[in-house]
Amino acid sequence: MPGHLQHRHSAVTAAPDADGDTNTVSAMASRAMRHLARTLLSMGVIGAALAVSVAACNNQTGFSGSVGNTPNGPKLTSYEILGAVGTPFTATVSDTRSSWTLQGNVPLSIVICNNVLPAAVVATKTTSSTNLLSVEIITGNHVAQLQSTSAPFGSVSVQIGGVLGTIASPADPDLRIFLSGPLNEHYQALVEDIQTGFIIQSRAPTLILFDTPDGKVDATFYGSQDFGTFTANMTFCTPTMPGQPCVPQVVASEKKGPNLTIRQP
């Protein structure tokens, strides 16, 4: 038996044989009760903190004290562009209402806030190498679709929510948030306009596209205590002519960790 258990056992079973010993045992009992009360109080505080944390993670009450009090939007689909790290690509992302074009490097997670399904992603390698390029659609915790290519300048496409007959017109306005941070580290985020808040659970780097926002947009990102530093850039533009693309301009930048908030000016 370990020594600390032996000591505890002997202290509990020792029988008093004098008034002095009785007083000693009474004092010990009093100290034990005070210790127990402090322990229960601490457990209550910890339990309350866990309850708040679980509620936030499950999106039952939103992220209290964060960016706002908007109602929760539907769960979002994640589009993961994976493969050989660093492989360059171009991509077109579209739902039934808006589309976006972009250039990037593997890996990249893409999320559309306020999207209207069906939606599609088409990604094309911009290199003659045989590096792998894959596009996954993640719904919940499972892969709904996966397409890959190793061909030089190869292209892959995925869809969800039905068949998207044509690529929609360029987003108007075009608001994006690009988030970088420690590679493959998970985070949570609340992204919202004045009407709806959307919960995102993803890994950096992430490109967040906000389809047809109502009013200004802001976002708060939550990493673990040892997450490190987020870097976020918000870009915005409005086409000069309907149906024509525009060039997004940086309107806000933030760098902070393990939590970060960025707001549209």
Side-chain angles (χ1 to χ4, degrees), residues 52-53 55-79 91 93 95 97-104 107-116 119 170-183 185-240 245-265:
V52 170
S53 176
C57 291
N58 289 332
N59 194 23
Q60 300 299 309
T61 60
F63 291 92
S64 177
S66 298
V67 193
N69 297 308
T70 52
N72 301 329
K75 291 184 178 180
L76 299 176
T77 298
S78 176
Y79 307 90
V93 182
D95 61 13
R97 184 168 51 190
S98 303
S99 67
W100 302 261
T101 59
L102 59 111
Q103 299 180 22
L108 180 66
S109 298
I110 301 173
V111 178
I112 309 174
C113 292
N114 202 36
N115 66 325
V116 180
D172 182 7
D174 186 329
L175 187 143
R176 313 181 188 193
I177 301 174
F178 179 72
L179 182 80
S180 61
L183 193 64
E185 287 291 330
H186 289 268
Y187 67 86
Q188 284 196 92
L190 171 63
V191 183
E192 62 182 357
D193 59 10
I194 63 173
Q195 291 293 332
T196 310
F198 297 91
I199 300 299
I200 295 174
Q201 297 182 2
S202 189
R203 296 177 295 183
T206 306
L207 177 63
I208 300 169
L209 310 171
F210 207 119
D211 188 1
T212 319
D214 187 351
K216 293 185 177 182
V217 171
D218 43 35
T220 296
F221 300 89
Y222 304 85
S224 60
Q225 288 301 315
D226 58 351
F227 181 89
T229 301
F230 287 110
T231 300
N233 289 305
M234 179 183 289
T235 62
F236 182 86
C237 68
T238 301
T240 55
C246 59
V247 179
Q249 303 294 322
V250 176
V251 294
S253 296
E254 297 290 344
K255 185 175 183 179
K256 193 177 179 182
N259 304 326
L260 177 147
T261 296
I262 189 167
R263 294 181 172 87
Q264 183 180 357

By side chain to side chain contact (heavy atoms under 4.5 Å, CB included), which residues pair with P265, not counting sequence neighbours? V251, A252
Results of side chain to side chain contact (heavy atoms under 4.5 Å, CB included) for A171 - residues two or more places apart only: S98, W100, D174
Quick one: are P107 and L183 in side-chain contact, heavy atoms under 4.5 Å? yes
For L190 and I199 the tightest heavy-atom approach is CD1-CD1, 3.8 Å
Distance check, rounded to the nearest 0.5 Å: K256 atom NZ versus T231 atom OG1? 13.0 Å
Disulfide (SG to SG under 2.5 Å) contacts touching residues 197-237 (sequence neighbours left out): C237-C246
In this structure, CG of L175 is separated from CG of N114 (nearest 0.5 Å) by 11.5 Å
So, taking the atom named OG1 in T220 and the one named CG in L260, what distance separates them when rounded to the nearest 0.5 Å? 8.0 Å
Just wondering, do K216 and R263 contact through their side chains at under 4.5 Å, heavy atoms? no
Interatomic spacing from CD1 in I112 to CZ in F210 - rounded to 0.5 Å: 12.0 Å
Tell me, please, which residues at least two apart from T212 pass side-chain hydrogen bond (donor to acceptor under 3.5 Å, both in side chains). R97
What pair of heavy atoms forms the shortest contact from T229 to K255, and how long is it? CG2-CG, 3.5 Å
Sequence neighbours excluded, the answer for side-chain hydrogen bond (donor to acceptor under 3.5 Å, both in side chains) partners of S99 is none
Quick one: side-chain hydrogen bond (donor to acceptor under 3.5 Å, both in side chains) partners of T101, sequence neighbours excluded? none
Minimum heavy-atom distance between Q264 and G215, given as atom pair plus value: OE1-O, 4.2 Å
Would you please name every residue forming a ring pair (Phe, Tyr, Trp, His ring centres under 6.0 Å) with F230, sequence neighbours left out? Y187, F221, F227
Please name all residues satisfying side-chain hydrogen bond (donor to acceptor under 3.5 Å, both in side chains) with S253, sequence neighbours left out, ordered by chain then number. N233
Distance-minimising heavy-atom pair for L108 and L207: CD1-N, 4.0 Å
Taking salt bridge (charged side-chain N to carboxylate O under 4.0 Å, His left out) as the test, write out the residues that go with D193, two or more places apart. none
Residues passing the side chain to side chain contact (heavy atoms under 4.5 Å, CB included) test with T238, sequence neighbours excluded, are D172, P173, F236
Can you measure from CG (L179) to CZ (R203) and round to the nearest 0.5 angstrom? 13.5 Å
Are any of the side-chain heavy atoms of L102 and R176 separated by less than 4.5 Å? yes
On a heavy-atom basis, which atom in C113 and which in I208 lie closest, and how many Å separate them? SG-CG2, 3.8 Å
What pairs of residues pass the salt bridge (charged side-chain N to carboxylate O under 4.0 Å, His left out) test when at least one of them lies in residues 219-232, not counting sequence neighbours? none
Smallest separation among heavy atoms of I200 and L76, with atom names: CG1-CD1, 3.9 Å
For N259, enumerate each residue passing the side chain to side chain contact (heavy atoms under 4.5 Å, CB included) test, keeping only those at least two apart in sequence or located in another chain. Y222
